[in-house]
Amino acid sequence: MPRRPAMVLIPEETQKIAEDIRSMRTHGAGRIARAAAKGVVIATQESKAKRVHTLLRDVATAAQLLYETRPSAVSLPNALRYFYTRLLNQVDQTKGIRELKEAGHKIGQGFIEMSNNAVTTIGQIGSQLIQDGDIIFTYCNSATAFSVLKTASTMGKEFTVYVPETRPKYQGHITATWLDEAGIPCILITDNSLRFLIARADKVFVGADSITANGAVVNKIGTSLVALAADEARVDFFVAAESYKFSPATMAGELIEIEERDESEIVSKEKLASWKYVTVRNPAFDVTPPEYIDAIITEQGVIPPQGAIAILYREFGWYSTEQALPWEPYLK
Ligand code: RUB
């Protein structure tokens with residue numbers, strides 16, 4: 001892991017954005033990506049640099065801090081890469097620091113707008129898959145999957161959504177609140193009643209943190225169990241994900257790192273200390289293989305999971321490891 005230069009000051013607001021992502025006050029792959037874009041825009045605007053190279057170093061330092069917060073959501077490095085490569089491209093196109101800062105602001109806003117538009121478009125495309133009377137399952141708290149449900153409801157379609165609580169952080173409760181506010185009938189269930197109840201469902205819509213070159217989907221721990229149960233019950237399984245959640249590094253054979261979070265999310269420190277032979281593991285994500293996925297709904301259209309490589313190629317070209325962290329050379 002590259003080291004951040006010690007003497008670079010990262011603006012407080014950017015540090016807070018990074019801490020909110022790390023602690024999951026900001027969560028969900030799309031929201032993380034948009035927050036990270038905002039974080040580097042602030043670092044660009046607040047830099048006191050007098051020289052372009054120093055500005056690039058300040059922004060690189062902030063990008064590295066944000067990058068290190070959560071490893072599994074590829075939307076985060078993709079957002080930072082989007083920002084930093086375009087900022088670098090602007091160096092020769094702009095005259096001096098002020099113009100470069102203005103360009104940085106536009107690039108960051110451009111990413112946030114593109115990301116929000118993608119969620120809206122996925123909602124419009126995905127809503128076509130919902131019919132009156134459907135019983136739908138979702139999982140965790142995905143703004144993109146919610147966009148599909150909300151759009152279908154706004155179109156006048158009537159359906160019911162089952163929402164597992166999603167241990168350990170109960171993000172299902174947030175989804176239930178969103179559905180409630182949108183006036184969509186919702187049934188909140190425990191995670192372990194999933195297989196019992198999914199037999200009555202017609203469709204599953206979930207979000208994604210990362211999608212690999214072979215069409216596997218990394219999403220909140222337990223998603224692969226939903227997919228297994230859906231497969232057994234012959235229920236269609238759909239993933240709603242923007243193109244920037246596809247992982248270019250997997251084209252070069254890299255695996256997605258599965259984040260392991262603190263044990264205190266599952267059991268109190270006191271309880272843990274009282275045990276002699278018990279340890280706790282808390283992986284935050286799991287991998288659903290492409291065989292269990294009927295389709296991925298992107299803003300570019302509905303694709304089979306095997307089409308992931310086409311999205312990746314279109315978005316990133318053939319990936320090389322040099323593209324990994326474009327800000328890395330400027331960390332010195
Ligand atoms: C959230 C989660 C969501 C995806 C997609 O996990 O797994 O399904 O991030 O969300 P966590 P979105 O709460 O640990 O971040 O569609 O909002 O990008």
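Both counts, for ligands and for their atoms, begin at 1 and track the order of listing. Any value given below was found using the heavy atoms of this structure, including those in side chains, with hydrogens, waters and symmetry copies removed.
Per-residue contacts place Lys220 under 4.0 angstrom from the following atoms of ligand 1 (heavy atoms of the residue considered): 6 (O), 7 (O), 11 (P), 14 (O). Near Lys245, meaning under 4.0 Å from one of its heavy atoms, ligand 1 places the atoms 12 (P), 16 (O), 18 (O). Taking every heavy atom of Ala143 and a limit of under 4.0 angstrom, the matching atoms of ligand 1 come to 12 (P), 16 (O), 17 (O). Annotation for ligand 1: atoms under 4.0 Å from non-hydrogen atoms of Arg70 are 11 (P), 14 (O), 15 (O). Each of the atoms 3 (C), 10 (O) of ligand 1 lies under 4.0 Å from some heavy atom of Asn141. In summary, the atoms of ligand 1 found under 4.0 Å from a heavy atom of Thr144, numbered by their order in the structure, are 12 (P), 16 (O), 18 (O). Short contacts between ligand 1 and Asn219, defined as distances under 4.0 Å to a heavy atom of the residue, involve ligand atoms 2 (C), 3 (C), 4 (C), 7 (O), 8 (O). For ligand 1, the atoms sitting less than 4.0 Å from at least one non-hydrogen atom of Arg31 are 17 (O), numbered in the order shown with element in parentheses.
Ring geometry for Tyr330 versus Tyr84: interplanar angle of 30 to 60°, hence tilted. Aromatic ring pairs are classed by plane angle as parallel below 30°, tilted from 30° to 60° and perpendicular above 60°; the pair Tyr67 and Trp327 is perpendicular.
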Yes or no on side-chain hydrogen bond (donor to acceptor under 3.5 Å, both in side chains) for Asn78 and Arg81, after CA distance, side-chain angles and deciding distance? CA-CA 5 Å; Asn78 278 350; Arg81 214 176 278 130; 2.6 Å; yes
Kindly indicate, with the supporting measurements, whether the criterion salt bridge (charged side-chain N to carboxylate O under 4.0 Å, His left out) is fulfilled by Asp20 and Arg31. CA-CA 11 Å; Asp20 284 350; Arg31 284 157 278 173; over 6 Å; no
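Remark: the backbone N or O of Lys101 is paired with a side-chain donor or acceptor of Gln45 at under 3.5 angstrom. Looking at Asp58, its side chain never comes within 3.5 Å of a backbone N or O of Ser47 through a donor-acceptor pair.
Only side-chain heavy atoms of Gln171 come within less than 4.0 Å of ligand 1; its backbone N, CA, C and O stay farther off. At a heavy-atom cutoff of 4.0 Å, ligand 1 is contacted by no atom of Val206, backbone or side chain. When non-hydrogen atoms are compared, ligand 1 lies under 4.0 Å from the backbone of Ala208 (N, CA, C, O) but not from its side chain.
Cation-pi geometry between Lys220 and Phe285 is met: the NZ or CZ atom falls under 6.0 Å from the ring centre, inside 45° of the normal.
The shell of residues lying under 4.0 angstrom from ligand 1, judged by heavy atoms, includes Phe285. The closest approach between a heavy atom of Lys169 and any atom of ligand 1 is not below 4.0 Å. At a 4.0 Å cut-off, not a single heavy atom of Glu259 sits close enough to ligand 1 to count as contact. Put simply, part of Cys140 is less than 4.0 Å from ligand 1, judged by heavy atoms.
Of the N and O atoms on the side chains of Asp209 and Ser72, not one donor lies less than 3.5 Å from an acceptor on the other residue. Under the 3.5 Å distance criterion, with hydrogens and angles disregarded, no donor-acceptor pair is assigned to the side chains of Ser115 and Glu242.
In this structure, Glu19 does not pair ionically with Lys16, as no charged nitrogen and carboxylate oxygen lie closer than 4.0 Å.
For the pair Ile32 and ligand 1, the shortest N or O to N or O distance does not fall below 3.5 Å. The shortest N or O to N or O distance between Ala145 and ligand 1 is not below 3.5 Å. Ligand 1 has no N or O atom lying under 3.5 Å from any N or O atom of Met24, backbone or side chain.
With respect to Tyr244, the ring-ring contact (aromatic ring centres under 6.0 Å, His included) criterion is satisfied by exactly one of Tyr82, Phe111, Phe83, Phe316: Phe111.
The closest protein non-hydrogen atom to atom 2 (C) of ligand 1 is Asp209 OD1, 3.4 Å. Given atom 9 (O) of ligand 1, the protein heavy atom at minimum distance is Ala29 N, 2.8 Å.
The heavy atom nearest to atom 15 (O) of ligand 1, considering only Ser210, Gly28, Gly207, is found in Gly28.
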